[in-house]
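Atom set for the values below is all heavy atoms of this structure, side chains included, hydrogens, waters and symmetry mates excluded.
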Amino acid sequence: MFDFSLGGFDFRTAYSDCTVDGKTVKLDFAAAGLPGKWECRNEFGIWELEVVKSAAAVEISSRLRPAGKFESITMRQLVLPQLQCRHLVISGVKMGRCQAWEMPVAPAADFTSYYTCAISNDSGTLLITHPLEQSQYAYVTGTAERDGITDLALTGFAGFYHGETVEFTPVKLSFGDGFELLNEYASEQKYVKRDFSAPPEPGWNSWDYYRWTVTEKEVLKNAEFIARDPVLSKHVKRIIIDDGWQYCYGEWEANPLFPNGMKYLAGEISKLGFTPGLWLAPGIIEPHCRIAQLEYDMLGQSVGGQPALVYQCMKRYGFVLDPTVAKSREFLREVFDKCCNWGYKYFKLDFIERVMDAPRFADQSVPRSKIIAKLMEPIVESVAQRAEIMGCNYPFMTGNEFVSYARTGSDIHSDWLNVKNNAINSAFRYWMNKRLWINDPDFALCRGVDTTAFPDKLQPSLVYVNADQPYEALYSQTFSSTTLSEQQILLSLVLMTGGAVNLSDDLTLLNETGLDLARKVVSAESGHAAVPLDLFTSANPAFYLQKLARGGRLLVINWGETEKEFTLPAHILPQLPDAATDFWTGKNSAVTPQLTLAPHHCRLWQW
């Protein structure tokens, strides 16, 4: 059945199994009469598997014709006990959650990868892919350790789905050049064609500096500052009020920190020449929201069928809307019609994927991979032709029909480890930008120890301190510890995405160095998404090559703790000019095959 090898990766010891309502059994497939088709009959029904092989790829599809109604069905279509490799890159189901390892890995690390999983050896890359548009949840799991991966499993999952047949999402294994395979994968996906010829409009967002302390006064203070600045005013087009303006999640009305209401604020922002934007978490319902108190049928359910408090973030808890209920969808239409009438033309929608934390929904004929589409449809219908939508915590399997922007990076902070760990997220998703949507790497932060004289006051991690816990300095930290060179790396990576650029500082507190960073990043040309040249060989890519309309950019980063000499990849040398401008200093210099960088420094050439 799995009698194949791809680029030195041997799958002949692979097998299949299933877990149905907690019971796991091996699937003993027998030939089903036609080449590549296999069948297994057991107490759960008839399992079908099809394996289609070509010279450089194998495609596997499967289904279950169930013998009854089951609450949870998992099929591991292919399980490989051992696979040797030298590099692994995984992707999360939504923003963030990408990770890369160079072998050997110690200690061992369990992983789950969605959509794309890249496993490389000395000959090339094995790319395991599930389509973005999925019939059921699908993912790759395994454990990275020593010189490879143990228990590599290609898995399909259906939970609380009572359809006649479970069509598991197909999976494809391809071997070759990793970048060519990613581009091929991208071209195979179903998505709405959009016009990305206009560059993304830079903006300012209240969240990273103000968080839940945001006020009407502070929003207008920053908007007025931008409007007065000769550079920022030419390039910053949006002012976005993030979380903190509302009474609570589920009751989308202004709280007392916005005394004149949200319609007034949208009008004032518009008068200053900006597009007003607003944050909402449309699927989250906090316990003191009236829906949670009175409209129980609108809420996602527990395994036992009761409304379930499944949402949790920074010690805030909530129920989730059940979008399979007509009343929930009408509620969403009314909320977004109201916000558009207030004057908001851009919506940042957050915690979208968290709706899936509910085990059950009222209409059990809706596959789990289609639940988020049910949530988004009434929103998009309500704002059609009136506003743009950015999906945050947005599961990519929902497709690009509902969003113009999608967060690809994790939450960013002006903290070195955060910057370093976040880089792989945009790197592995570069192929999405200006193809599916505009990638949003999170904020272009400019404040740090060298760029402001006023350290942050907020200590957001204090919510994790329990009564019986000894003192932990980690929880009392603020997120403004980066040096100037580290800030330049953060902002360089934002530019390399070719995507959204959103400032999120109290701009009035930045010194001239900090304002210079802000002005440069918002006025920079938006290029194509940069190719991370060492994506399939490094734990964190150090080389990025970006195309501009009439030139390009090359970014080199020293992620290490000591000075390091870098040699540029030989295959890109013919594409580089003899000399280029250092983006951050404005000085011209020769582009040489070798360069030396101090720790936590970068070189960003532009030509």
So H130 and Y185, ring-ring contact (aromatic ring centres under 6.0 Å, His included) or not? Walk me through it.
CA-CA 9 Å; H130 293 99; Y185 171 74; 9.5 Å; no
Distance-only polar pair, side chains of [X] and [Y], donor-acceptor under 3.5 Å:
X	Y	answer
T125	S120	yes
E561	H600	yes
D243	Y249	yes
T150	E145	yes
D151	T143	no
D506	T508	yes
S526	K434	yes
N502	W204	no
Q487	T482	yes
W245	S206	no
N511	T452	no

Please identify each residue that fulfils side-chain hydrogen bond (donor to acceptor under 3.5 Å, both in side chains) with D357, with sequence neighbours left out.
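D357 satisfies side-chain hydrogen bond (donor to acceptor under 3.5 Å, both in side chains) with R354 once adjacent residues are dropped.
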Can you name the residues that form a side-chain hydrogen bond (donor to acceptor under 3.5 Å, both in side chains) with S485, not counting sequence neighbours?
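If we apply the side-chain hydrogen bond (donor to acceptor under 3.5 Å, both in side chains) test to S485, skipping adjacent residues, the hits are T483.
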Flag, side chain of [X] to backbone of [Y], donor-acceptor distance under 3.5 Å:
X	Y	value
Y394	G399	yes
N466	D468	no
D450	L484	yes
H87	M103	no
N222	I226	no
D415	N418	yes
T451	G448	yes

Measure across [X] and [Y] and return the closest heavy-atom pair with its distance rounded to 0.1 Å.
X	Y	answer
Y210	L458	O-CD1, 3.5 Å
L535	V89	O-CG2, 3.7 Å
F536	A118	CE2-CB, 3.7 Å
W101	A109	CZ2-CB, 3.9 Å
G499	P200	O-CG, 3.7 Å
Y430	A530	CB-O, 3.5 Å

Hey, can you tell me if F566 and F543 have their rings parallel, tilted or perpendicular (30° and 60° cut-offs)?
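Ring orientation of F566 relative to F543: perpendicular.
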Report yes if the side chains of [X] and [Y] come closer than 4.5 Å at any heavy-atom pair, otherwise no.
X	Y	value
T408	N425	no
F428	T116	yes
P441	I412	no
V521	L495	yes
D147	P104	no
L493	I489	yes
E486	V419	no
K315	Y464	yes

Test side chain to side chain contact (heavy atoms under 4.5 Å, CB included) on V236 and D229 and set out the steps.
CA-CA 10 Å; V236 176; D229 187 273; over 6 Å; no
What do the steps show when you test Y311 against Y317 for ring-ring contact (aromatic ring centres under 6.0 Å, His included), and what is the final call?
CA-CA 5 Å; Y311 167 81; Y317 296 88; 8.2 Å; no
Atom [atom1] of [X] and atom [atom2] of [Y]: how far apart are they, to the nearest 0.5 Å?
X	Y	atom1	atom2	result
Q246	C289	CD	SG	11.0 Å
S414	F479	OG	CZ	10.0 Å
W605	L568	CH2	CG	5.5 Å

Within a radius of less than 6.0 Å around NZ of K587, do more than 12 heavy atoms belonging to other residues, nucleotides or ligands occur?
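For K587, atom NZ is not crowded (no more than 12 foreign heavy atoms under 6.0 Å).
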In terms of heavy-atom contacts, does NZ of K564 have more than 12 from other residues, nucleotides or ligands at under 6.0 Å?
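Atom NZ in K564 is not packed in, count stays at 12 or less.
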Test: D582 and R603 ion pair at under 4.0 Å
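Counted as a salt bridge, because a side-chain N and a carboxylate O are separated by less than 4.0 Å.
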Just do the side chain to side chain contact (heavy atoms under 4.5 Å, CB included) check on K217 and F258 with the steps written out, would you?
CA-CA 8 Å; K217 180 180 178 181; F258 293 78; over 6 Å; no
Using ring centroids (six-membered ring only for Trp), state whether W416 and W559 fall under 6.0 Å.
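Centroid distance W559-W416: below 6.0 Å, so yes.
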Lys NZ or Arg CZ of R429 over W431 ring: under 6.0 Å, within 45°:
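No - R429 does not lie over the ring of W431 by the 6.0 Å and 45° rule.
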Working note: T478 + K457, criterion side chain to side chain contact (heavy atoms under 4.5 Å, CB included); need CA distance, chi angles, decisive distance, verdict.
CA-CA 7 Å; T478 60; K457 295 180 180 179; over 6 Å; no
Could you walk me through whether V465 and E472 pass the side chain to side chain contact (heavy atoms under 4.5 Å, CB included) check?
CA-CA 8 Å; V465 178; E472 292 279 356; over 6 Å; no
Evaluate the criterion salt bridge (charged side-chain N to carboxylate O under 4.0 Å, His left out) for residue pair D242 and R211; output intermediate values, then yes/no.
CA-CA 8 Å; D242 211 291; R211 294 180 170 258; over 6 Å; no
With sequence neighbours left out, which residue pairs that include part of residues 438-448 fulfil the side chain to side chain donor-acceptor pair (under 3.5 Å) condition?
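Listed by first then second residue: D208-R447, R407-D442, W437-N439, R447-D456, R447-S480, R447-D505.
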Please determine whether salt bridge (charged side-chain N to carboxylate O under 4.0 Å, His left out) holds for the pair E216 and K221, giving the CA-CA distance in whole Å, both sets of side-chain angles, and the decisive distance to 0.1 Å.
CA-CA 9 Å; E216 174 188 290; K221 181 186 77 173; over 6 Å; no
Test ring pair (Phe, Tyr, Trp, His ring centres under 6.0 Å) applied to W207 and F443, W212, W279, the passing residue
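Per the ring pair (Phe, Tyr, Trp, His ring centres under 6.0 Å) rule, the option paired with W207 is W212, out of F443, W212, W279.
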Among R238, K345, K348, whose side-chain hydrogen bond (donor to acceptor under 3.5 Å, both in side chains) with E388 holds?
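Of R238, K345, K348, side-chain hydrogen bond (donor to acceptor under 3.5 Å, both in side chains) with E388 is met by R238 alone.
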